[in-house]
Amino acid sequence: MKQIAIGIDLGGTQVRAALVDEQGNILARAEDRTDAAAGPERVLSQIHGLAEGLLAASPTVSVVGVGVSAPGPIDTVAGVASDVPTLAGFAGFPLKAKLQARFPFPVSLENDGIAAAIGEWRFGAGRALDNLVYLTVSTGIGGGIVADGRVLRGRKGMAGHIGHMSVMPDGALCPCGNRGCFEACGSGTAFTSRARMRAIEFGETVLGRDGATIDSQHVFAAARQGDRVANQLVDEEAEILGRGIMSLIHIFSPDIVVMGGGLSYEFDRLHPGIEAYVARWAMPAFRDVKIVRAAMGQNSGLAGAAALVFLAEKSPRDYSRQPRKT
């Protein structure tokens with residue numbers, strides 16, 4: 001029987017489950033809209049139901065374990081969701097223990113940014129590299145770091161909350177309560193908010209015309225059509241991302257920076273501006289770091305969560321280290 005892991009990617013909007021083999025291949029996948037306001041037991045039932053449905057349709061597989069990627073902050077040492085703002089009731093919640101009670105297989109728990117970093121490191125754009133920074137730019141900004149061939153987890157396993165480093169002193173208010181956080185300035189939410197304000201301020205734009213909805217997709221579409229305001233917004237977003245990425249490059253000195261999340265679908269438009277900012281302002285020794293799009297797209301977190309299972313099985317005492325090639 002083929003050995004597989006169940007990968008779970010829990011988010012405030014969607015919960016996804018997949019059967020993943022040891023090479024990171026997604027063999028089957030299912031998803032559901034997260035019932036985020038209904039409380040932990042309902043969300044756990046969704047996770048279990050998706051996994052059970054996949055297994056029922058794949059009777060010839062052998063399950064090694066369950067790997068779960070969840071939004072933070074999460075104390076992965078204790079297995080406790082500290083205070084997840086997008087999921088009602090997930091404050092001081094013993095997520096790992098509650099999941100383990102529902103599954104007959106070993107359960108591994110990881111912060112979503114770190115899980116996605118592991119997915120790209122093991123199977124995607126950072127494969128075989130020792131140093132990687134992954135950032136996801138979507139509703140918020142999160143990330144994970146691989147340094148010297150090891151996953152950087154830090155105290156309580158909560159390293160990598162890169163969305164909450166300051167990039168603009170006295171900048172926009174962040175949901176965390178601080179001002180000028182990378183997330184508050186550079187996330188897809190912040191980008192859309194700026195676009196809506198700019199559409200009100202400037203009449204010479206197609207954005208919001210005749211009451212049309214404004215979201216990131218509409219802004220990029222307008223930019224491709226030559227809309228001046230939309231192009232300014234995109235250039236500003238690229239500069240903000242470049243500013244944050246430059247700091248990450250200086251701090252971690254990675255071989256590569258991998259960008260995932262919803263805005264990564266427009267990576268080709270954003271990349272020149274990001275790269276130009278880094279080339280101009282980074283210290284010369286750091287300017288050759290490559291910045292690339294996530295190779296696994298929305299599957300980075302699922303594959304990374306599943307990888308936790310296989311890594312833990314092979315080396316339970318040190319499952320964060322990349323196996324060396326011989």
Side-chain angles (χ1 to χ4, degrees), residues 6-17 31-52 65-118 134-136 138-145 151-166 173-179 181-184 187 189 261 301-302 304-306 308-309 312 316 319-320:
I6 302 172
I8 304 292
D9 188 3
L10 171 62
T13 303
Q14 282 191 318
V15 55
R16 293 184 278 262
E31 61 185 53
D32 194 6
R33 187 168 185 83
T34 309
D35 201 349
E41 291 303 322
R42 169 58 185 151
V43 173
L44 294 185
S45 294
Q46 287 185 284
I47 291 172
H48 188 258
L50 289 172
E52 286 293 294
V66 181
V68 181
S69 160
I74 287 204
D75 180 343
T76 55
V77 176
V80 174
S82 302
D83 185 12
V84 182
T86 55
L87 296 170
F90 281 76
F93 182 72
L95 180 56
K96 182 177 179 180
K98 291 290 188 179
L99 283 167
Q100 189 62 77
R102 289 175 179 255
F103 286 103
F105 321 110
V107 173
S108 299
L109 178 65
E110 190 60 88
N111 173 276
D112 54 2
I114 295 178
I118 293 171
Y134 172 87
L135 74 155
T136 177
S138 192
T139 304
I141 290 182
I145 296 96
V151 178
L152 181 63
R153 288 190 169 86
R155 173 179 169 270
K156 296 186 178 182
M158 295 196 297
H161 281 78
I162 62 175
H164 297 286
M165 65 179 186
S166 181
L173 182 65
C174 182
C176 76
N178 195 10
R179 285 193 174 273
C181 289
F182 195 15
E183 177 172 306
S187 66
T189 303
L302 283 170
L308 292 170
V309 174
Y319 63 88
S320 60

Where the side chain of Thr34 meets the backbone of Gln14, is there a donor-acceptor pair that is under 3.5 Å apart?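 Confirmed, Thr34 side chain pairs with Gln14 backbone.
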Output yes when a side-chain donor or acceptor of Ser69 lies under 3.5 Å from a complementary backbone atom of Gly301, and no otherwise.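 Not at all, since once roles are kept as given, no pair shorter than 3.5 Å links the two residues.
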Ala17: partners by side chain to side chain contact (heavy atoms under 4.5 Å, CB included), with sequence neighbours left out: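 Side chain to side chain contact (heavy atoms under 4.5 Å, CB included) list for Ala17, sorted by chain: Ile8, Leu50, Leu54.
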Taking side chain to side chain contact (heavy atoms under 4.5 Å, CB included) as the definition, give me every residue that meets it alongside Ala159, ordered by chain and number, with sequence neighbours left out.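 Once residues adjacent in sequence are excluded, the partners of Ala159 under the side chain to side chain contact (heavy atoms under 4.5 Å, CB included) criterion are Leu152.
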Could you tell me which non-hydrogen atom of [X] sits nearest to which non-hydrogen atom of [Y], and how far apart they are?
X      : Y      : value
Ser187 : Glu183 : OG-O, 2.8 Å
His161 : Pro73  : NE2-CA, 3.8 Å
Gly113 : Tyr134 : O-CD2, 3.8 Å
Gln46  : Arg33  : NE2-O, 2.9 Å
Ala115 : Glu110 : N-CG, 3.7 Å

Phe93: which of Val80, Ile74, Val43, Leu44 passes side-chain contact (heavy atoms from CB on, under 4.5 Å):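 In the set Val80, Ile74, Val43, Leu44, the residue that makes a side-chain contact (heavy atoms from CB on, under 4.5 Å) with Phe93 is Leu44.
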Using side-chain contact (heavy atoms from CB on, under 4.5 Å) as the criterion, point out the one residue from Val309, Ile6, Val68, Leu95 that pairs with Val107.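 That would be Val68.
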Step-by-step side-chain contact (heavy atoms from CB on, under 4.5 Å) determination, Cys174 to His164: CA-CA 8 Å; Cys174 182; His164 297 286; 3.5 Å; yes
Nearest 0.5 angstrom please: [X] [atom1] to [Y] [atom2], how far?
X      : Y      : atom1 : atom2 : value
Phe103 : His48  : CZ    : NE2   : 5.0 Å
Leu308 : Leu109 : CG    : CG    : 9.0 Å
Leu302 : Asp112 : CG    : CG    : 11.5 Å
Asp75  : Lys156 : CG    : NZ    : 5.5 Å
Cys181 : Met165 : SG    : CE    : 10.0 Å

Salt bridge (charged side-chain N to carboxylate O under 4.0 Å, His left out) partners of residues 92-103, not counting sequence neighbours, each pair once: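 As it turns out, the salt bridge (charged side-chain N to carboxylate O under 4.0 Å, His left out) pairs with a partner in residues 92-103, which skip direct neighbours, are Glu41-Arg102.
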Identify all side-chain donor-acceptor contacts of residues 81-90 below 3.5 Å with residues at least two apart in sequence or on another chain.
none

Partners meeting side chain to side chain donor-acceptor pair (under 3.5 Å) with Asn178 (sequence neighbours left out):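 For Asn178 there are no side chain to side chain donor-acceptor pair (under 3.5 Å) partners, ignoring immediate neighbours.
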Could you list the residues that satisfy side chain to side chain donor-acceptor pair (under 3.5 Å) with Gln100, not counting sequence neighbours?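 Per chain and number, Gln100 pairs via side chain to side chain donor-acceptor pair (under 3.5 Å) with no residue.
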Less than 4.5 Å apart, any side-chain heavy atom of Leu99 and any of Val66?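 Not in contact.
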Is there a side-chain contact between Ile141 and Thr136 in this structure, where contact means two heavy atoms from C-beta onward sitting under 4.5 Å apart?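 Contact flag for Ile141/Thr136 side chains = no.
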